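From a predicted model like this one, the values you see are computed outputs, not experimental measurements. For reference, positions follow the sequence shown, starting with 1.
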Amino acid sequence: MAQRILKLVQSDELRRSKSDRLIAHYIERNLAEIPFETAKSIATRLELSPMTVGRYLRRMGFDGLDQLKHELRRGSSNPAWQVKGPVDRLREDIREGKLLAGLIQEQINNLGLVYELTTSPEWQQAIEALIGASEVYVAAYQNVRGIAQYFASQLSYTRSRVQFVDGLNGTYSELLDGSVEGRVLFLHDVRRFAAKARPLAMEARRAGVKVILYTDEYCPWAAEVSDICLVVPGSHGPLWDGAATTIAVMDLMLSNIIVVLGDEVSERVGMLTRLQDVFGDFEA
């Protein structure tokens, strides 16, 4: 796949104008970085308009940069994710059928998709919702429960009124009682889907709570029960669901929120650190 793309950008047909040559040279020299780019970021680097980049991609036969990324991912060698140096060893291990090599390649591919998620409108909507909410409630089940609890704990360092809800009271009344406006539920649920997840999301929306659903590609009801849906690759491995993709998404969300809030986070962390010293949670 990568060889076909390289032949395209090296052709005379796609190097007619100055802008053609700029874009062609950029793609040719930075193929490994394409999964981390958008049409806008490429245009900015080359001092061109995003429309110019878009027209060039259409002449290549792609309806936007996402299609080009998709073709790169389909390639067996996946050169857009080369970890320079160890990549040859990884390819050799994959050819020999070594299990861990295949799983590592899957994780690498998934991280490319995570980057695409961070450039989507849904990602920005989720960040704004988590920052602007009066209260944030985080819920999860089964083997993603611990990751969601970690996310709720870390999010509480960036803003106040964050709570993990376990549903042990049988009602989720702290979330659904309607006593506070502007609440957000951040619900984590991936295959196999928990029996409580869908009704919780539906009840939350009925109560005026905005629902952010973090799920995978196998969820058939995601769009029906959420205001904002963040979809990541599902597990394709032979053993069990890995947590690397989910943890990467959560850490990137926290980093994004910290960058946006800036000094507010520093002030809050300072206050919490002082309280930790007061109550002796950590060694001096």
Looking at every non-hydrogen atom in both residues, tell me the closest pair between [X] and [Y] and how far apart they are.
X      : Y      : value
Leu65  : Ala39  : CD2-N, 3.7 Å
Arg205 : Asp227 : NH2-OD1, 3.3 Å
Leu68  : Ile5   : CD1-CD1, 3.2 Å
Tyr172 : Asp166 : OH-O, 3.9 Å
Ile228 : Ala129 : CD1-CB, 4.1 Å
Gly64  : Leu57  : C-CD1, 3.9 Å

[X] vs [Y] side-chain heavy atoms within contact, under 4.5 Å:
X      : Y      : result
Tyr137 : Leu187 : no
Thr158 : Glu264 : no
Thr245 : Val114 : yes
Val231 : Asp216 : no
Leu185 : Ile212 : no
Ile34  : Lys69  : yes
Asn169 : Glu174 : yes

Could you tell me which residues satisfy side chain to side chain contact (heavy atoms under 4.5 Å, CB included) with [X], sequence neighbours excluded, listed by chain and number?
X      : value
Asp263 : none
Thr119 : Thr38, Tyr115
Ser226 : Val211, Leu213, Cys229

- Task: May I have the step-by-step check of side-chain contact (heavy atoms from CB on, under 4.5 Å) for Gln154 and Met250, ending in yes or no?
- Result: CA-CA 10 Å; Gln154 296 297 94; Met250 297 301 100; over 6 Å; no

What distance separates [X] [atom1] from [Y] [atom2], expressed to the nearest 0.5 Å?
X      : Y      : atom1 : atom2 : result
Leu46  : Tyr56  : CG    : OH    : 11.0 Å
Lys7   : Leu14  : NZ    : CG    : 14.5 Å
Arg198 : Leu200 : CZ    : CG    : 13.0 Å
Ser120 : Leu230 : OG    : CG    : 6.5 Å
Gln163 : Ser153 : CD    : OG    : 13.0 Å

- Message: Is it the case that the side chains of Glu28 and Gln10 hold a donor-acceptor pair, with the cut-off being a distance below 3.5 Å and no angle test?
- Response: yes

- So, Thr52 and Ser49: side-chain donor and acceptor under 3.5 Å apart, yes or no? yes

Heavy-atom donor-acceptor pair, [X] side chain to [Y] backbone, under 3.5 Å:
X      : Y      : value
Asp189 : Ala140 : no
Arg183 : Leu175 : yes
Tyr26  : Arg21  : no
Gln67  : Asp63  : yes

Are [X] and [Y] linked, directly or through other ILVMFWY residues, by side chains that come within less than 4.5 angstrom of each other?
X      : Y      : result
Leu155 : Val259 : no
Val209 : Val180 : no
Val265 : Leu275 : yes
Ile247 : Phe186 : yes

In a table with atom names and distances, give each donor-acceptor pair under 3.5 Å that connects a side chain of residues 251-258 to protein atoms at least two apart or in another chain.
residue: Asp251; atom: OD1; partner: Tyr150; partner atom: OH; Å: 2.8
residue: Ser255; atom: OG; partner: Asp251; partner atom: O; Å: 3.0
residue: Asn256; atom: OD1; partner: Trp123; partner atom: NE1; Å: 2.8

- Message: Under 6.0 Å between ring centres: does that hold for Phe164 and Phe151?
- Response: no

- Item | Summary of ring pair (Phe, Tyr, Trp, His ring centres under 6.0 Å) pairs that have at least one residue in residues 192-214, sequence neighbours excluded | His188-Tyr214, Phe193-Trp221

- Message: Filter on salt bridge (charged side-chain N to carboxylate O under 4.0 Å, His left out), then keep only pairs touching residues 145-165, sequence neighbours left out; what's left?
- Response: none

- Task: Run the numbers on Val53 and Ile23 for side-chain contact (heavy atoms from CB on, under 4.5 Å), then give the verdict.
- Result: CA-CA 7 Å; Val53 176; Ile23 299 169; 4.2 Å; yes

- For a salt bridge (Lys or Arg N to Asp or Glu O under 4.0 Å) with Asp20, tell me which candidate from Arg15, Arg55, Arg59 qualifies. Arg59

